[in-house]
Student: 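Submitted below is the structure of interest, expressed as structure tokens.
Residue numbers count from 1 along this sequence.
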Amino acid sequence: SVQLGLGDQMEIQAVRTNGNWQLVKPISYPAQAASIDTFLLVLQQLAPAVVIPGAEVRQRKTGDQDFGFAKPQATLTLKSRDVVRPILIGARTAPGDQVYVQVVGTEDVYVVDADLLKVLPGKTDDWRDTALADLGRMLFDRISVSNTVATLELQRDPSNRLWRLTRPMSARADSQLIHLSLQKLNAARVTRFVTHNEPIVTSVMGHRVGLLAPGIRDLRITGRAIHHLLLSHGLAVAAYRASGRRGEIGITNANTSYEP
């Protein structure tokens with residue numbers, strides 16, 4: 001697992017199980033494996049330009065402050081089955097192109113390339129998997145696509161791996177087109193979120209006009225419904241921003257324009 005504390009910010013922790021990375025702190029969510037693997041590769045290939053011996057470090061009365069370990073930029077903990085290795089990432093050197101690093105439990109201080117800081121996540125969302133669907137982890141041989149009018153179903157032949165249309169009729173399907181559509185779905189990324197879809201439908205049409213569920217016609221209850229819709233929206237946005245996630249969040253309005 002990889003555990004990362006970013007100064008005074010929240011802690012980020014990712015665990016690898018059966019080759020797949022999963023965020024466990026501060027949220028439980030599939031992790032972006034490429035970002036974590038890149039970070040670990042940079043860390044593995046890191047070669048210190050200078051090693052400051054522990055004897056020299058001990059001679060400095062303000063060594064922790066000088067190297068930035070009193071309030072490190074990041075505290076990294078790598079855990080395996082038998083090893084726990086905490087690492088402090090301290091201040092930049094005076095020129096700014098290098099940074100001080102120390103393995104907790106040892107006295108030596110390493111001066112390494114500051115490019116290490118570029119692969120550190122600035123927030124949880126940097127390591128969150130933004131994929132809409134990870135089809136690589138799913139085992140499926142059927143696809144159903146539906147709307148309010150019709151349903152289309154496909155079945156994949158286990159022998160030749162070709163797709164066949166099974167509903168609304170039995171016919172050969174365009175396997176290449178289906179494969180391209182699945183690739184596009186797998187590549188889709190989520191960067192925008194909606195708290196409520198057309199809240200006027202729930203509030204006014206459902207509580208004032210009474211044409212939709214719950215079919216109420218009461219102005220006072222309509223006001224309460226609007227209040228709670230806005231309150232829940234505000235709480236959801238606050239929680240979203242506090243989590244450090246990246247992207248846009250808002251309400252989907254049902255707007256009507258008029259022309260004379």
Side-chain angles (χ1 to χ4, degrees), residues 1-52 54 57-58 60-131 191 237-247 249:
S1 69
V2 179
Q3 185 173 315
L4 193 64
L6 301 171
D8 297 329
Q9 300 181 39
M10 66 181 67
E11 182 181 280
I12 301 173
Q13 184 176 0
V15 175
R16 181 165 54 190
T17 305
N18 298 326
N20 297 318
W21 284 103
Q22 174 82 17
L23 287 174
V24 295
K25 284 185 180 181
I27 57 173
S28 178
Y29 204 88
Q32 194 172 137
S35 297
I36 300 176
D37 289 339
T38 298
F39 169 70
L40 293 176
L41 181 62
V42 169
L43 196 65
Q44 181 181 0
Q45 295 177 344
L46 208 59
V50 177
V51 178
I52 303 174
V57 174
R58 287 195 302 271
R60 296 181 178 232
K61 295 182 180 180
T62 59
D64 284 347
Q65 288 77 14
D66 295 343
F67 299 122
F69 299 141
K71 291 184 177 181
Q73 296 190 59
T75 303
L76 171 66
T77 304
L78 303 177
K79 296 181 181 180
S80 63
R81 186 171 298 177
D82 303 316
V83 179
V84 177
R85 184 162 297 173
I87 301 172
L88 300 178
I89 301 175
R92 289 176 179 263
T93 58
D97 59 341
Q98 294 174 315
V99 64
Y100 297 112
V101 173
Q102 185 180 53
V103 178
V104 176
T106 66
E107 295 183 328
D108 293 347
V109 173
Y110 303 95
V111 180
V112 302
D113 197 310
D115 282 348
L116 171 64
L117 302 176
K118 295 180 181 179
V119 293
L120 286 177
K123 50 189 176 300
T124 308
D125 210 49
D126 291 342
W127 277 4
R128 182 181 68 87
D129 188 359
T130 57
T191 58
V237 171
Y240 174 86
R241 290 174 177 167
S243 71
R245 297 183 179 182
R246 178 178 51 199
I249 184 168

Student: Please report the C-alpha distance between Gln98 and Val111 in whole Å, then the side-chain angles of each, then the deciding distance to 0.1 Å, and finally whether the side chain to side chain contact (heavy atoms under 4.5 Å, CB included) criterion is met.
Tutor: CA-CA 6 Å; Gln98 294 174 315; Val111 180; 3.5 Å; yes
Student: Determine, stepwise, if the pair Phe67 / Gln102 fulfils side chain to side chain contact (heavy atoms under 4.5 Å, CB included).
Tutor: CA-CA 9 Å; Phe67 299 122; Gln102 185 180 53; over 6 Å; no
Student: Using modelled atom types only, decide if a donor and an acceptor are shared between the side chain of Gln73 and the backbone of Gly90 within a distance under 3.5 Å.
Tutor: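 Checking the backbone N and O of Gly90 against the side chain of Gln73, a donor-acceptor pair under 3.5 Å is found.
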Student: Do you know which two heavy atoms are closest between Ala74 and Leu6, and how far apart they sit?
Tutor: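 Heavy atoms of Ala74 and Leu6 come nearest at CB-CD2, 4.1 Å.
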Student: Closest approach of Val109 and Val57, non-hydrogen atoms and distance?
Tutor: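 So the minimum-distance heavy-atom pair works out to CG2-CG2, 3.7 Å.
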Student: Taking the side chain as C-beta and beyond, is there a heavy-atom pair between Leu46 and Tyr110 under 4.5 Å?
Tutor: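 Answer no - side chains too far apart.
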Student: Is there side-chain contact between Ser1 and Arg16, with heavy atoms separated by less than 4.5 Å?
Tutor: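 Of all side-chain heavy-atom pairs linking Arg16 with Ser1, none is under 4.5 Å.
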Student: Give, for atom CG of Asp115 and atom CD of Gln45, the distance between the pair rounded to the nearest 0.5 Å.
Tutor: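 Atom-to-atom, Asp115:CG and Gln45:CD are 12.0 Å apart.
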Student: Say you draw a straight line from OH of Tyr100 to CZ of Arg92; how long is it, rounded to the nearest 0.5 Å?
Tutor: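 CZ of Arg92 is found 12.5 Å from OH of Tyr100.
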Student: Would Asp129 and Trp21 count as having a side-chain donor-acceptor pair, cut-off 3.5 Å?
Tutor: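 Their side chains do not contain a donor-acceptor pair, so the 3.5 Å distance test is not met.
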Student: Distance alone, cut at 3.5 Å: any donor-acceptor contact between the side chains of Gln65 and Thr62?
Tutor: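 No, because no side-chain N or O of Gln65 sits under 3.5 Å from a partner of the opposite role on Thr62.
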Student: Just verifying a value: how many Å separate Thr77 OG1 and Ile87 CD1, rounded to the nearest 0.5 Å?
Tutor: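 Output value for this atom pair is 8.0 Å.
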Student: How far apart are the closest heavy atoms of Ala114 and Gly96, and which atoms are they?
Tutor: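 Nearest pair, atom of Ala114 first, then Gly96: CB-O, 4.0 Å.
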Student: Could you go step by step and tell me if Leu23 and Arg128 meet the side chain to side chain contact (heavy atoms under 4.5 Å, CB included) rule?
Tutor: CA-CA 7 Å; Leu23 287 174; Arg128 182 181 68 87; 4.1 Å; yes
Student: How many angstroms lie between atom CD of Gln13 and atom CD1 of Ile27, to the nearest 0.5 angstrom?
Tutor: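 Those atoms lie 13.0 Å apart.
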Student: Please name the pair of heavy atoms, one in Val99 and one in Ala91, separated by the smallest distance, quoted to 0.1 Å.
Tutor: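 Closest heavy-atom pair between Val99 and Ala91: CG2-O, 3.3 Å.
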Student: Taking side chain as C-beta onward, heavy atoms only, is Leu78 less than 4.5 Å from Leu40?
Tutor: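 The answer is yes; the side chains approach within 4.5 Å.
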Student: Starting from the C-alpha separation in whole Å, work towards a yes-or-no answer on side chain to side chain contact (heavy atoms under 4.5 Å, CB included) for Leu120 and Leu76.
Tutor: CA-CA 10 Å; Leu120 286 177; Leu76 171 66; over 6 Å; no
Student: If you measure from CG on Asp113 to CG on Asp97, what distance do you get to the nearest 0.5 Å?
Tutor: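 That separation rounds to 7.0 Å.
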Student: What are the two closest heavy atoms between Ile36 and Ala31, and how far apart are they?
Tutor: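 What the structure gives for the nearest pair is CD1-CB, 3.8 Å.
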Student: Of all the heavy-atom pairs spanning Val101 and Phe69, show the shortest one and how long it is.
Tutor: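 Minimum heavy-atom separation between Val101 and Phe69: C-CZ, 3.8 Å.
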Student: As an exercise, state the distance from CG of Leu116 to CD1 of Ile89, rounded to the nearest 0.5 Å.
Tutor: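 So the gap between those two atoms works out to 4.5 Å.
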